[in-house]
Amino acid sequence: MKLIEGDTPWDHLNTVEKSHYSPLEHKELCDVVVIGGGITGAITSYVLSEQGTDTILLEQGELGRGSSSANTGLLQFMNDEPLAQLIQTFGEQKGVSFYALCKKAVDRLADIAGSLPVDTEFRRRSSLYYASTEKDVHKIRNEYDTLNRYGFHVEYWDQQRIQASFPFSKPAALYCRHDAEVNPYKMLHGLINKATSQGLRVFEHSPVEKVDYSEKGVVIKTKSGIVNASTIIWATGYGTQEWKPDRLVSLDSTYAIMTEPVHDLSTWYEGALIWETNRPYLYMRTTPDHRIIAGGLDEPLTAADLTHQNITRKGHQLLQNVQALFPTLGQISISHAWAGVFATSKDGIPLIGRHPDYPLSYFIEGYGGNGTVYSMIAADLLAKAVTGKVPKELDWFSLDRLPFHP
Ligand SMILES: Cc1cc2nc3c(=O)[nH]c(=O)nc-3n(C[C@H](O)[C@H](O)[C@H](O)COP(=O)(O)OP(=O)(O)OC[C@H]3O[C@@H](n4cnc5c(N)ncnc54)[C@H](O)[C@@H]3O)c2cc1C
C-alpha cells in the first residue's frame, strides 16, 4: 500500500544532522525488538532505552520515511471523538481516564522534547476548536461543560470573543491552553540520537521478513541478519493493516499543504492550532519560520487516491480555506503539498496490545488524528508491560475489543 504521495516538507527544510545506520548483517541478541522506524518506533525505543531495556530497532528503509514524514505536527489532548461521546461509548471512568492519558502524553512529549539536545521546534500552543455551523454550537457548549466538569480546563468563546482575536467569525469555540506543535522530523531524529546514546541499537535497510515464535522467544529474520529476542513491538504504522487487518479500523486519504513563509502572521492569535466540529475537519497551524500548515479534506480511501492531480486540487482547496479565514494575510502560496493514507479506529481510541496470532508480540496502532500522542501513551504502557508489570489500561486498547454499536 502506498502510504504517502507528493512533496512532504520536513526533510527538505531541515538542517538537522541525520545519522545513518547500517543494515543488520549478523546475529544479535536483545530483550525487545521494535519493528518500524517511524515516530512510534522512535518514541518507544527512546522510552525503552531510557529505562535500561536492551532494545534493537529495525527499519526496512530509512528512518522517518513512512507516514511520519506526512505528519503535520499538531499535538492535542482533545480527540477526534469529543469527551462527551467517549463517555457515551465507554462510560465515565474509561472516557475520562483516556482523556487524562492524552493530556499526560502531551506533557510527556514536552518533557522529552525539552531533554533532547536538538531544538525539535516543540512549542506549547493553544487550540481553537470552533463550531463550523450554528447547529454545532450546542456540541461546543456540551463539550465545554463536560471537559470542565472532569477537570480539563477549557474556555468557552462566543462569537464576539472569537472576532476580537481572529480576523474571522464563528458562532462559538473552545479555547484550550494545553496543546503543542512539533517538527516531527526533528523530534524523530532527536529521539533516536539520544536513544542510541542510551544503548539502543538501530539498523536501517533491514526489512523483517520472517518471525519464528517459540516458548524460548522470537527469532526475527531480516533480509541479511537475525535477532533473537524475548518480545517484539510492532510499530509498523498504517501498513500493518495490509497483513493484519483489524475490523475496528477504517482507512481514508487525507491531504495537507505547507505555505511559503508569510510576511505578517500577527493576526493569528497566539499561533493557535485551529480545527473545527465538521467531520472530516479542516485544521491548520503556523510554524516557527512563519509558514502555515493546513490539512484535511479526508475521503474514504480508494485505489485512485493519492494522485498528483488530487494533491494539486485538494491543495488549492486547503489554501482557499486558509485564505477565507485569514483574508488579512494577503498573497500566500503553497511550498509543499502532499497526501497520505490515514487510519482511524471506529470507536475513537487507539489499538495497543497483543494479538492471538502473534505470540510474544505487542502492536502499536495509534490510529487517529492524535497519532503522536497515542504513540506516547503506547510507549509508556508497553515499557511497563515488557518488565512484567502489565498496566490495566492495556485492556481498554485491546486489538480484539468489540466494535461499539450506538
Ligand atoms: C497528512 C497527515 C497528517 C498528519 N498529521 C498529524 C498530526 O498533526 N499530529 C499527529 O499526531 N498525527 C498526525 N498524523 C498521523 C501520524 O503521521 C501517524 O500517527 C504517525 O506517522 C504514525 O507513525 P508510525 O511510526 O506508527 O508509522 P510510520 O511513520 O509509517 O512508520 C512505520 C515504519 O515501519 C517500517 N516498516 C514497515 N514494515 C516493516 C518491516 N517489515 N520491517 C521493518 N520496518 C518496517 C516502515 O518502513 C516505516 O518507516 C498525520 C498523518 C497524515 C497522513
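Both backbone and side-chain heavy atoms feed into the values below; hydrogens, waters and symmetry mates do not. In each ligand, atom 1 is the first atom listed, and ligand 1 is the first ligand listed.
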**Asked** Does Thr254 approach ligand 1 within less than 4.0 angstrom via side chain, backbone, both or neither, non-hydrogen atoms only?
**Response** side chain
**Asked** Does any N/O atom on Val341 come nearer than 3.5 Å to any N/O atom on ligand 1?
**Response** no
**Prompt:** Can you find an N/O atom of Tyr255 closer than 3.5 Å to an N/O atom of ligand 1?
**Reply:** no
**Fill in**
Nearest heavy-atom approach of Pro261 to Asp289 is CB-O, 3.6 Å
**Message:** If I apply the N/O under 3.5 Å rule, does Thr40 come out as touching ligand 1?
**Reply:** yes
**Aromatic ring pairing Trp243/Tyr358, orientation class (parallel under 30°, perpendicular over 60°, tilted between)** = perpendicular
**Request:** Could you check atom 41 (N) of ligand 1 against the protein and tell me its nearest heavy-atom contact, residue, atom and distance included?
**Result:** Val208 O, 3.3 Å
**Complete:** Note: Tyr283, heavy atoms under 4.0 Å from ligand 1, region reported as side chain
**Protein contact of atom 47 (O) of ligand 1 - nearest heavy atom, named by residue and atom, plus distance** = Glu59 OE2, 2.7 Å
**Asked** Is there any N or O on Leu75 that sits under 3.5 Å from an N or O of ligand 1?
**Response** no
**Message:** Counting non-hydrogen protein atoms only, what is the nearest one to atom 23 (O) of ligand 1? Give residue, atom name and distance.
**Reply:** Ser68 OG, 3.3 Å
**Message:** How far is atom 13 (C) of ligand 1 from the closest protein heavy atom, and which atom is that?
**Reply:** Asn71 OD1, 3.4 Å
**Prompt:** In terms of the angle between their ring planes, are Tyr238 and Tyr367 parallel, tilted or perpendicular, with boundaries placed at 30° and 60°?
**Reply:** perpendicular
**Message:** Using a 6.0 Å cut-off, check whether atom NZ of Lys94 has over 12 heavy atoms from anything other than its own residue.
**Reply:** yes
**Asked** Would you say Thr277's side chain and Ala131's backbone share a donor-acceptor pair under 3.5 angstrom?
**Response** no
**Message:** Is the positively charged end of Arg65 above the ring of Tyr185, judged by distance under 6.0 angstrom from the centroid and angle within 45° of the axis?
**Reply:** no
**Prompt:** For ligand 1, is there an N or O atom under 3.5 Å from any N or O atom of Phe342?
**Reply:** no
**Asked** How are the rings of Phe166 and Phe326 set relative to one another: parallel (under 30°), tilted (30 to 60°) or perpendicular (over 60°)?
**Response** perpendicular
**Asked** Does Arg65 reach ligand 1 with a nitrogen or oxygen that is under 3.5 Å from one of the ligand's nitrogen or oxygen atoms?
**Response** no
**Asked** Judging by distance only, is a nitrogen or oxygen of Ile35 under 3.5 angstrom from one on ligand 1?
**Response** no
**Prompt:** How does Tyr374 reach ligand 1, by side chain, by backbone, by both or by neither, if only non-hydrogen atoms under 4.0 Å count?
**Reply:** neither
**Request:** Tell me which part of Ala42 gets within contact of ligand 1: side chain, backbone, both or neither, using heavy atoms under 4.0 Å.
**Result:** neither
**Asked** Which protein heavy atom lies closest to atom 2 (C) of ligand 1, and at what distance to 0.1 Å?
**Response** Ala70 O, 3.4 Å
**Asked** Backbone or side chain, does any N or O of Thr236 fall under 3.5 Å from an N or O of ligand 1?
**Response** no
